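Just below is one structure, and these are the notes that go with it.
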Amino acid sequence: MKRRASGRAAQTADRGRTLMRVPLQDVYGGAVAGREQPDEALASLAASIARHGLLQPIVVRRNSQVGRYALVCGARRLAACRLLGMKEIDALCLDMDDTTAAACFMEEHCLRRAPCAIEEAQALAPLDREALLACTVLGRQAIEQRLGLLGLPLRVQEIARQRRLSLEQAQPLLSACGEERQEEAALIIAERSLTPAQARRLVFGPDKGKMQSGRRRTVRAALAEVGALSRRLRAQGVETSVSVHSQEGGMCVQILFAHGEKRAGQQDFENKERNH
């Protein structure tokens, strides 16, 4: 493995750093267990890597006793590359002990400052929307939600930017009545560090929050009924499947009947019609 790594490594003289291509099978561990578990965000990250490549290498340290590399930072990037079936990954190998590795992991996560929602929207605003959608793995909704924040008055946008409100915290401000009310709500959300749910209650009031919660329960109950209907149909020999996917402005639920069963069901219906 030394010969294999040395052929690909780009040596630097800065404190024992080595930028190299490492076989994924030779990377193990991570400071926090479970960060590599599959979820929707991990699938999106994998799609982004597939389209644009790995934008930031993972950080590892060599374990000379086992001839492998212990992961320091980049568990989700590593998991996404494994999800894609990649064999090698770009890695920055640092010469460090356990304590320094833990410190690097904490600093990499705690000191990272992602752009706030308004900054993201302002960066996207000058771009052609359709061209942006064509080259990003993020859906239209993610883009539209951020650009929608630019409908806030400039003073409110500045408060949201300075106080670094998240997308979920800032979105309810669009429904507040009047610039003065929006500015007041933005300051309260920021000063009290309100959660998205608390921000919605602040703007809409408790009754609106209850209505939204009741609406979610109703949608979940409807989805459960659709699933139960599909199971009953399958139990009677009618092959069906249920699909749920997002559409612009909402969610689409479909029940698909297999072609053969659909024709048989249609024939039964026509027979009954003739009998009547």
Side-chain angles (χ1 to χ4, degrees), residues 1 4-12 14 17-63 67-94 96 101-102 104-117 119-147 166-168 244-248:
M1 194 178 75
R4 183 173 58 203
S6 62
R8 302 189 178 102
Q11 297 288 343
T12 68
D14 184 14
R17 297 167 178 261
T18 306
L19 185 61
M20 58 198 316
R21 293 280 292 176
V22 177
L24 267 72
Q25 64 183 13
D26 291 339
V27 183
Y28 70 94
V32 176
R35 285 183 56 79
E36 72 285 355
Q37 294 300 316
D39 55 29
E40 184 177 350
L42 184 63
S44 297
L45 176 58
S48 176
I49 293 173
R51 175 168 292 190
H52 305 295
L54 187 64
L55 302 180
Q56 181 181 359
I58 63 172
V59 180
V60 299
R61 60 193 183 101
R62 181 173 171 76
N63 185 335
R68 299 177 69 200
Y69 297 90
L71 181 68
V72 178
C73 301
R76 292 182 65 76
R77 279 167 277 161
L78 178 65
C81 289
R82 283 179 171 149
L83 193 63
L84 291 171
M86 296 171 59
K87 302 301 182 184
E88 294 182 324
I89 188 171
D90 293 332
L92 181 64
C93 185
L94 304 182
M96 61 178 68
C104 288
F105 171 81
M106 290 296 296
E107 290 169 2
E108 200 266 346
H109 288 275
C110 295
L111 302 181
R112 180 189 302 164
R113 184 180 180 183
C116 66
E119 290 173 336
E120 291 176 335
Q122 291 172 344
L124 297 175
L127 305 176
D128 180 86
R129 194 168 304 185
E130 296 304 320
L132 177 63
L133 286 167
C135 69
T136 180
V137 300
L138 300 177
R140 181 179 296 273
Q141 185 178 19
I143 303 299
E144 298 290 352
Q145 285 177 333
R146 285 157 178 78
L147 291 175
S166 69
L167 173 66
E168 293 76 12
V244 181
H245 57 272
S246 60
Q247 284 189 345
E248 186 173 354

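All values derive from a computational prediction rather than experimental measurement.
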Hey, mind stepping through Ile49 and Leu45 against side chain to side chain contact (heavy atoms under 4.5 Å, CB included) and telling me if it holds? CA-CA 6 Å; Ile49 293 173; Leu45 176 58; 4.1 Å; yes
Minimal heavy-atom distance between Ala91 and Val22, with the atoms involved, is CB-CG2, 3.7 Å
May I ask you to test the Gln25-Lys87 pair for a side-chain heavy-atom distance under 4.5 Å? no
Could you pull out the closest heavy-atom pair between Ala46 and Leu83, with the gap in Å? CB-CD2, 3.9 Å
Enter the distance from Cys81:SG to Glu88:CD here, rounded to the nearest 0.5 Å. 11.5 Å
Would you say the side-chain atoms of Arg140 pair up with the backbone N or O of Glu130, donor to acceptor, closer than 3.5 Å? no
Sorted by chain and residue number, the salt bridge (charged side-chain N to carboxylate O under 4.0 Å, His left out) partners of Glu168 (sequence neighbours excluded) come out as none
Salt bridge (charged side-chain N to carboxylate O under 4.0 Å, His left out) between Arg112 and Glu107: does it pass, once the steps are laid out? CA-CA 8 Å; Arg112 180 189 302 164; Glu107 290 169 2; over 6 Å; no
Measuring from atom CD1 of Ile89 to atom CE of Met86, what distance do you get when rounded to the nearest 0.5 angstrom? 6.0 Å
For Ser166 versus Ala117, what's the shortest heavy-atom pair and its separation? C-CB, 3.9 Å
For Arg82, which residues count as a side chain to side chain donor-acceptor pair (under 3.5 Å) partner, sequence neighbours excluded? none
Pair Val60, Leu92 - check side chain to side chain contact (heavy atoms under 4.5 Å, CB included), show working. CA-CA 6 Å; Val60 299; Leu92 181 64; over 6 Å; no
Any Cys73 side-chain heavy atom under 4.5 Å of Ile58 side chain: no
Side chain of Arg61, backbone of Leu71: donor and acceptor closer than 3.5 Å? no
Looking at OG1 of Thr136 and NE2 of His52, how far apart are the two atoms once the value is rounded to the nearest 0.5 Å? 5.5 Å
State, to 0.1 Å, how close Val137 and Arg51 come at their nearest heavy-atom pair, and which atoms those are. N-NH1, 4.2 Å
When rounded to the nearest 0.5 angstrom, what distance separates CG in Leu24 from OH in Tyr69? 13.0 Å
Rounded to the nearest 0.5 angstrom, the CZ-CZ distance for Arg68 and Arg62 is 11.5 Å
Walk me through it: do Leu111 and Glu108 pass the test side chain to side chain contact (heavy atoms under 4.5 Å, CB included)? CA-CA 6 Å; Leu111 302 181; Glu108 200 266 346; over 6 Å; no
Flag, side chain of Arg77 to backbone of Gln56, donor-acceptor distance under 3.5 Å: yes
If you measure from CG on Leu138 to CZ on Arg146, what distance do you get to the nearest 0.5 Å? 7.0 Å
Any side-chain heavy atom of Val59 within less than 4.5 Å of one from Phe105? no
Go through the steps to decide whether Met96 and Cys104 satisfy the test side chain to side chain contact (heavy atoms under 4.5 Å, CB included), and finish with yes or no. CA-CA 10 Å; Met96 61 178 68; Cys104 288; 3.9 Å; yes
